[in-house]
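Report on the following structure.
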Amino acid sequence: MKKLNVGIIGYGWVATAHINAINAGEYAQVSAIFSSRKHDDAELSKTWGTDIKSYTDLDEMLKDKSIDAVSICSYTYQHTEHALAAAKAGKHIILEKPMALSWEDCKEIEKAVKAADVKFCICFECRWSNQFISTKEVVDQGLIGDIHYGEIDYLHGIGPWYGQFEWNAKKTGGGSSLLTAGCHALDSLLMFMGSDVEEVTSYDTKTKSEIFKPYEYTTTSVTILKFKSGKIAKCAASVDCLQPYYFHTHLFGSEGSILDNKFHSNKLKSDKTRWSELSMKMLDSGDVADHPYQLQFDSFFQSINEGTDMPLTGLKEAMKTHEVIFAADKSAATGKSVKL
């Protein structure tokens, strides 16, 4: 089967992880890179092991009919412009999170993708992690029964030691603690709890630490979700915590509970005085090199070949998660609950 050709939009830190994951799979290869900086094609090709043509003009790259899909790794404030251009050019789209910095822009992207009839994948790759694939299998087998409450939190101090800090700390760069990074936790929470969110209440705050002073937005938030099914859930997002990276996961069911890589199940007659442990690769790093892109991208390229929608992290999931995020940020800003 002929490999799909992929063009990269934005050649920064996250792009290197995307290129590695795309080229490591059997379905696609990177054949073009758009960057605001000039690059040597021979050097790029040598670095990545595929024949790559570089561009400093995005329109010129999108005119290349040999390019089947693009992976958008540009600054968040450029996502809307680049996604709209890619859809107009008829290219299938991989889009880094967040989708956009406003709900209106998300709806514009959705409209363009549907009008162009191209496939879409949002980089909520935590859904494809070994930790959550294993966790979902436990849940789907009914080992903890029906979930009625869950909490997944993103706790990761993103300070000046990160290369993206300068632009991410700006309101026009990161947007909010929930949008810029906590979105992974909220999205994962919806995967387990369902998408029938009825009402959102959120509160936010900011540390007094001088380390995080450059942030132009509040850096810690907590969001409470109420579902039409009667379930409730909580998502905390903190980019100003001084501690090791922690993707806290706790799901409560009618037959047991899951806490990170531990679980208790009445159905298995587990010892209720101690946790049983699951063997899994944990979400324990903010380094994009550790993110499970390859499985996600392989699934996306398969969906293109088969003419099916992207599972788990397609357009529908992207829109629902961002709808809830922007509702939460509105709640925090107004001090009122927001109904969806």
Side-chain angles (χ1 to χ4, degrees), residues 9-10 12-15 17-18 70-84 86-87 93-113 120-128 152-154 156 158 162 164-191 195 197 200 202 204 215-221 223 225 235-239 247 283 286 288 291 293 296 310 312-333 338 340:
I9 299 179
W13 181 49
V14 73
H18 280 222
V70 296
S71 179
I72 300 174
C73 305
S74 50
Y75 293 116
T76 51
Y77 54 82
Q78 298 173 310
H79 282 187
T80 302
E81 174 192 350
H82 291 163
L84 294 179
I93 298 170
I94 295 171
L95 180 58
E96 256 299 337
K97 60 81 184 168
M99 192 172 177
L101 291 170
S102 73
W103 179 232
E104 290 70 29
D105 282 352
C106 289
K107 289 189 285 187
E108 278 296 303
I109 293 172
E110 179 190 37
K111 181 180 177 181
V113 168
F120 182 90
C121 171
I122 188 72
C123 286
F124 284 144
E125 66 278 2
C126 292
R127 290 195 182 210
W128 294 91
I152 299 183
D153 306 315
Y154 183 94
H156 179 206
I158 303 176
Y162 267 85
Q164 310 95 310
F165 179 74
E166 185 177 350
W167 64 264
N168 186 62
K170 298 182 186 304
K171 182 70 175 175
T172 55
S176 72
S177 60
L178 187 59
L179 185 63
T180 190
C183 57
H184 279 306
L186 181 67
D187 179 69
S188 299
L189 188 61
L190 295 183
M191 179 173 70
S195 60
V197 180
V200 178
S202 188
D204 57 6
Y215 273 99
E216 296 177 355
Y217 50 87
T218 50
T219 40
T220 292
S221 69
T223 299
L225 307 177
C235 176
S238 177
V239 294
F247 210 101
L283 290 162
V288 293
H291 289 201
Y293 287 120
Q296 182 185 39
M310 173 65 184
L312 288 180
T313 50
L315 184 62
K316 180 179 69 175
E317 290 83 5
M319 291 301 291
K320 175 52 66 175
T321 295
H322 283 84
E323 181 186 20
V324 176
I325 289 171
F326 289 116
D329 284 347
K330 181 179 179 180
S331 173
V338 174
L340 275 67

Heavy atoms from other residues, nucleotides or ligands near CD of E166 exceed 12 (cutoff 6.0 Å):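 Count not over threshold, so no.
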
Neighbour count >12 (heavy atoms, 6.0 Å) for atom OH, Y162: yes

For the pair [X] (side chain) and [Y] (backbone), establish whether a donor and an acceptor sit closer than 3.5 Å, ignoring hydrogens and angles.
X: E81; Y: Q78; answer: no
X: H79; Y: P98; answer: yes
X: S188; Y: H184; answer: yes
X: H291; Y: E125; answer: no

pair M319-F120: side-chain heavy atoms closer than 4.5 Å: no

Distance (rounded to the nearest 0.5 Å) between D329 CG and T223 OG1: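 Going from CG on D329 over to OG1 on T223, the span is 7.5 Å.
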
Aromatic ring pairing F165/Y215, orientation class (parallel under 30°, perpendicular over 60°, tilted between): perpendicular

Contacts of type side-chain contact (heavy atoms from CB on, under 4.5 Å), residue A185, not counting sequence neighbours: I152, Y154, C235, F247

Qualifying salt bridge (Lys or Arg N to Asp or Glu O under 4.0 Å) pairs with a residue from residues 179-191, counting only residues at least two apart or across chains: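 Output for this query lists R127-D187.
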
Salt bridge (Lys or Arg N to Asp or Glu O under 4.0 Å) contacts in which one or both residues fall within residues 313-323, not counting sequence neighbours: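 Checked against salt bridge (Lys or Arg N to Asp or Glu O under 4.0 Å) - neighbours excluded - the pairs reaching residues 313-323 are K320-E323.
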
Donor + acceptor pair across side chains of T313, Q296 (<3.5 Å):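 Judged by distance alone, the side chains do pair up.
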
